[in-house]
Amino acid sequence: MSKIAEVKVLVETGKSKKVAAAVQEALDAGDKAQDILDAMIASMGVVGDKFSSGEIFVPEMLIAAKAMSKGVEVLKPVMAGDGSSSLGTCIMGTVAGDLHDIGKNLVVMMLESAGFDMVDLGVDVPADKFVAAVKENDNVVLVACSGLLTTTMPALKEAVQTIKSAYPEMKVIVGGAPVTPEYAAEIGADGYAPDAGSSAAKAKELIG
Ligand code: B1M
């Protein structure tokens, strides 16, 4: 089995103690960080499908998520830039009622490597907390909101609208599996990105 295939199985089966070493071995064997990341994201898709079909339950999803996070930690220094240039501060969080953080963490990593100073508010972030963070931090040029559940799409809308009503000129980017470009536009976001990689280019474009 290739090292990447091994990483994929370890994430799918939630072997968090073994994932970091396997990711490091894949890197040492010459596999690209992006390919390893793509394999882990695909694993989470498999985990989600198994959850949908009733084959596994929330605890197994959680264990797989922990395993993926261990793998991402190893990739982080490899994928991150030198962070020497600052494009300004970006506030990021997963919206209220939503506990999914892997996608958010990947976006944080990519925006950081693109040159943003990231303030990560974590998960389950109420709309007002985004606004407070804009107020409390220097040189905020962007707010990034992540939402993974169809049930938290209204919270995403509330976050965007609350930020925009407090700071009409503030650029807001949104994303997450159920979010579409059309929905992003409908709720008043300035930008949308389908994945962490494209979020960096979109964020830079937004702050112009
Ligand atoms: Co949950 N979960 N989950 N879950 N979970 C999903 C999302 C689900 C699709 C699974 C399924 O049913 N197939 C489903 C949502 C269905 C829906 O609403 N359409 C679901 C459900 C139903 C639930 C619960 C309700 C289950 C329950 O309790 N009955 C519950 C809700 C809890 C809550 O949030 N209140 C729940 C709980 C959990 C765990 C806590 C157990 C765990 C999360 C742990 C954690 O994050 N630390 C979990 C997990 C692991 C998943 C799956 C399996 C994996 C999520 C993930 O990390 N994917 C997921 C199934 C799936 O994704 N296929 C599922 C990998 C990650 C890299 O992708 O987050 O999509 P993603 O991020 C992508 C893009 O979306 C984008 O970039 C990333 C890729 O580069 N992106 C952005 C994300 N944010 C962005 C922001 C941007 C731009 C791009 O700009 C700002």
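Counting convention: from 1, in listed order, for ligands and their atoms alike.
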Original post:
Would you say the side chains of D49 and S52 form a donor-acceptor pair under 3.5 Å?
Top reply: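 Checked: D49/S52 side chains show no N/O donor-acceptor pair below 3.5 Å.
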
Heavy-atom pairs closer than 4.0 Å: do any link ligand 1 to the side chain of [X], the backbone, both, or neither?
| X | answer |
| --- | --- |
| L148 | both |
| V107 | side chain |
| P178 | neither |
| V174 | backbone |

Looking only at N/O atoms, are [X] and ligand 1 under 3.5 Å apart anywhere?
| X | value |
| --- | --- |
| G97 | yes |
| K104 | no |
| G48 | yes |
| D101 | yes |
| L106 | no |
| T151 | no |
| L99 | yes |
| I173 | no |
| D49 | no |

Shortest protein heavy-atom distance from [atom], along with the residue and atom involved:
| atom | answer |
| --- | --- |
| atom 89 (C) of ligand 1 | A193 O, 3.2 Å |
| atom 85 (C) of ligand 1 | G175 C, 3.4 Å |
| atom 43 (C) of ligand 1 | H100 CD2, 3.7 Å |
| atom 72 (O) of ligand 1 | G103 CA, 3.3 Å |
| atom 84 (N) of ligand 1 | S146 OG, 2.7 Å |
| atom 76 (C) of ligand 1 | P194 O, 3.5 Å |
| atom 81 (N) of ligand 1 | G176 N, 3.6 Å |
| atom 19 (N) of ligand 1 | T150 CG2, 3.5 Å |

Subject >> Full working for side-chain contact (heavy atoms from CB on, under 4.5 Å) between S16 and I63 >> reply: CA-CA 8 Å; S16 55; I63 290 166; 5.7 Å; no

Subject >> Option set M61, M68, M110, M153, criterion heavy-atom distance to atom 52 (C) of ligand 1, minimum >> reply: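 Comparing heavy atoms across M61, M68, M110, M153, the nearest one to atom 52 (C) of ligand 1 lies in M61.
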
Protein heavy atom under 4.0 Å of [atom]:
| atom | answer |
| --- | --- |
| atom 24 (C) of ligand 1 | no |
| atom 8 (C) of ligand 1 | no |
| atom 64 (C) of ligand 1 | yes |
| atom 69 (O) of ligand 1 | yes |
| atom 59 (C) of ligand 1 | no |

Original post:
Is the count of non-hydrogen atoms from other residues, nucleotides or ligands lying under 6.0 Å from N139 atom CG greater than 12?
Top reply: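 Counting neighbours around CG of N139, more than 12 heavy atoms of other residues, nucleotides or ligands fall under 6.0 Å, so yes.
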
Original post:
Is the number of heavy atoms from other residues, nucleotides or ligands under 6.0 Å of K164 NZ greater than 12?
Top reply: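 More than 12 within 6.0 Å, yes.
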
Subject >> Worked check of side-chain contact (heavy atoms from CB on, under 4.5 Å) between T94 and L99 >> reply: CA-CA 7 Å; T94 302; L99 303 175; over 6 Å; no

If you compare all heavy atoms of [X] against all heavy atoms of [Y], which two are closest, and at what distance to 0.1 Å?
| X | Y | result |
| --- | --- | --- |
| A155 | V95 | CB-CG2, 4.0 Å |
| S199 | I173 | O-CD1, 4.1 Å |
| I41 | M68 | CG1-CE, 3.8 Å |
| A64 | V11 | CB-O, 3.4 Å |

Original post:
Between E73 and K70, is there a side-chain N and carboxylate O pair less than 4.0 Å apart?
Top reply: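 No salt bridge links E73 with K70.
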
Original post:
Would you call K3 and D28 a salt bridge, using N to O less than 4.0 angstrom?
Top reply: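 So K3 does not pair with D28 through a salt bridge.
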
**OP:** Flag yes if V78 and V23 sit in one hydrophobic cluster, no otherwise; membership is Ile, Leu, Val, Met, Phe, Trp, Tyr, and two members link when side-chain heavy atoms are under 4.5 Å apart.
**Re:**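 Cluster IDs for V78 and V23 match.
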
Subject >> Test item: D101 side-chain N/O and V123 main-chain N/O as donor-acceptor pair under 3.5 Å >> reply: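 Judged by distance alone, no pair lies under 3.5 Å.
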
Subject >> Derivation of the side-chain contact (heavy atoms from CB on, under 4.5 Å) call for V7 and M40 >> reply: CA-CA 7 Å; V7 169; M40 290 197 288; 3.7 Å; yes

